[in-house]
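First the structure, in the form of structure tokens, and then the observations on it.
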Amino acid sequence: MTLGAPRVHYRVVDSTNARARELAERGAPHGTLVTAAEQTAGRGRQGRSWSAPPGQALLCSLLLRDPPNLLPLATGVAVAGLIGEQATLKWPNDVLLDGRKVAGILAEGRPGEGWAVVGIGINVAMRDADFSPELSGKAAGLGLSPSEIEPTLARLLKELASWVSARDEEVLSAVRARDALLGRQVRWGGGQGKAAGVDERGRLLVRSGGDQLALQAGEVHLA
Ligand code: BTN
């Protein structure tokens with residue numbers, strides 16, 4: 001299934017996710033892609049912002065109609081796939097290289113209306129000096145040049161085309177194979193425990209004080 005057409009590209013935009021959502025509400029077709037060289041109000045998970053120096057990152061949002069339930073995880077697997085075997089996943093969908101975040105994913109949707117927008121930011125050409133002091137040591141780039149952003153997008157769309165239509169079991173087994181949290185001590189809003197994998201619904205399993213919990217959404221941190 002073709003993804004990435006029609007495509008709207010902005011030199012500067014507030015947020016590609018915001019534009020893609022607007023297009024979704026106006027009836028744009030499955031596979032519509034919004035890209036930008038620069039965002040002035042890039043959105044991250046948990047209400048955070050997402051910033052990248054102009055022209056250094058792949059910034060894109062894809063509209064999917066009838067998206068799979070595991071879309072956020074499938075997208076993480078697709079991004080990891082384009083990076084290579086060394087990429088790992090920090091549940092639910094941070095993509096890590098050597099333990100540092102190289103890509104973020106923000107899936108937003110209207111399940112009732114049958115669509116989702118998945119926004120992806122990949123630090124294709126960012127160097128360590130491009131990250132703010134708070135992100136230093138926690139974020140990384142792919143070490144590529146800005147001219148690699150477009151070819152990276154082409155590879156990403158190919159990976160996405162196969163992972164968004166993959167069976168849940170295939171997505172889950174790919175997530176498990178790249179699980180950066182497995183066996184690690186983690187904390188979240190409600191407590192802390194040891195990460196014990198991902199269940200059949202894509203929830204993070206955590207062992208805590210003799211109990212096993214399944215975290216549905218939200219943020220976990222390495223303790
Ligand atoms: C995260 O917090 O890790 C998710 C970050 C998602 C950032 C991307 S950049 C392209 C798209 N447009 C946005 O406003 N956000 C996503």
Side-chain angles (χ1 to χ4, degrees), residues 3-4 7-25 28 31-64 67 71-80 82-83 87-97 99-109 115-126 130-132 134-135 137-142 146 149-150 152-153 155-157 159-160 164 175 178 180-181 186 188-189 204 215 217-222:
L3 298 177
R7 175 180 177 183
V8 184
H9 178 76
Y10 293 93
R11 195 178 60 75
V12 185
V13 72
D14 52 354
S15 155
T16 56
N17 262 37
R19 293 307 114 229
R21 290 181 63 146
E22 202 172 83
L23 291 172
E25 278 158 9
T32 297
L33 179 71
V34 179
T35 55
E38 180 179 357
Q39 294 184 125
T40 54
R43 305 212 290 242
R45 294 181 62 242
Q46 309 285 316
R48 287 189 298 259
S49 61
W50 177 269
S51 65
Q56 305 291 307
L58 170 57
L59 306 169
C60 66
S61 299
L62 188 66
L63 167 62
L64 298 171
L71 175 64
L73 299 186
T75 306
V77 170
V79 175
L82 91 85
I83 293 172
T88 58
L89 294 169
K90 174 177 170 285
W91 184 90
N93 53 19
D94 285 349
V95 184
L96 311 181
L97 205 46
R100 298 200 281 165
K101 182 163 167 172
V102 286
I105 293 164
L106 175 65
E108 303 181 285
W115 61 263
V117 161
V118 65
I120 303 164
I122 306 179
N123 301 335
V124 174
M126 289 162 72
D130 292 321
F131 297 106
S132 63
E134 313 85 75
L135 291 180
K138 295 184 185 153
L142 291 184
I149 292 174
E150 228 14 64
T152 302
L153 172 63
R155 292 205 302 277
L156 173 63
L157 291 171
E159 291 281 343
L160 280 168
V164 297
V175 167
R178 293 185 187 268
L181 294 180
V186 295
W188 65 98
L204 181 70
L215 305 183
E219 189 80 347
V220 294
H221 304 275
L222 286 165

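Throughout, residue positions are numbered sequentially from 1 according to the sequence presented. Numbering of ligands and ligand atoms starts at 1, following listing order. These numbers come from the heavy atoms of this one structure, side chains and all, not from hydrogens, waters or symmetry mates.
Counting heavy atoms only, I105 comes closest to atom 4 (C) of ligand 1 of the residues I105, T40, V95, V117.
Within ligand 1, counting atoms from 1 as listed, the ones closer than 4.0 Å to a heavy atom of G42 are 14 (O). Atoms of ligand 1 found under 4.0 Å from any heavy atom of G121, numbered from 1 in the order shown, are 8 (C), 9 (S). Atoms of ligand 1 lying under 4.0 Å from at least one heavy atom of S61, given by number and element, are 11 (C), 12 (N). Each of the following atoms of ligand 1 lies closer than 4.0 Å to a heavy atom of C60: 10 (C), 11 (C).
With N17 as the fixed residue, the side chain to side chain donor-acceptor pair (under 3.5 Å) test singles out one of R43, E22, E108: E108.
Counting only heavy atoms from C-beta outward, the side chains of L156 and C60 approach each other to under 4.5 Å. Counting only heavy atoms from C-beta outward, the side chains of E38 and L59 never approach each other to under 4.5 Å. Here the side chains of N123 and L142 are not in contact, with every heavy-atom distance at 4.5 Å or above. For the pair L3/L33, no side-chain contact is recorded, criterion being any heavy-atom separation below 4.5 Å from C-beta on.
For atom 6 (C) of ligand 1, the closest heavy atom belonging to the protein is R43 O, 3.5 Å. For atom 9 (S) of ligand 1, the nearest protein heavy atom (residue, atom name, distance) is Q39 NE2, 3.5 Å. With respect to atom 10 (C) of ligand 1, the closest heavy atom belonging to the protein is T16 OG1, 3.3 Å. For atom 2 (O) of ligand 1, the closest non-hydrogen atom on the protein side is R45 N, 2.7 Å.
Heavy atoms of K101 approach ligand 1 to within less than 4.0 angstrom.
Considering CH2 of W91 and CG of L215, their distance stands at 5.5 Å, rounded to 0.5 Å. Here the CD1-CG distance, from I105 to L89, works out to 7.5 Å after rounding to the nearest 0.5 Å.
Heavy atoms of A36 found under 4.0 angstrom from ligand 1: none, in either backbone or side chain.
Between W50 and ligand 1, a contact under 3.5 Å exists for no N or O pair.
Judged by distance alone, the side chains of R7 and T35 do bring a donor and an acceptor atom under 3.5 Å apart.
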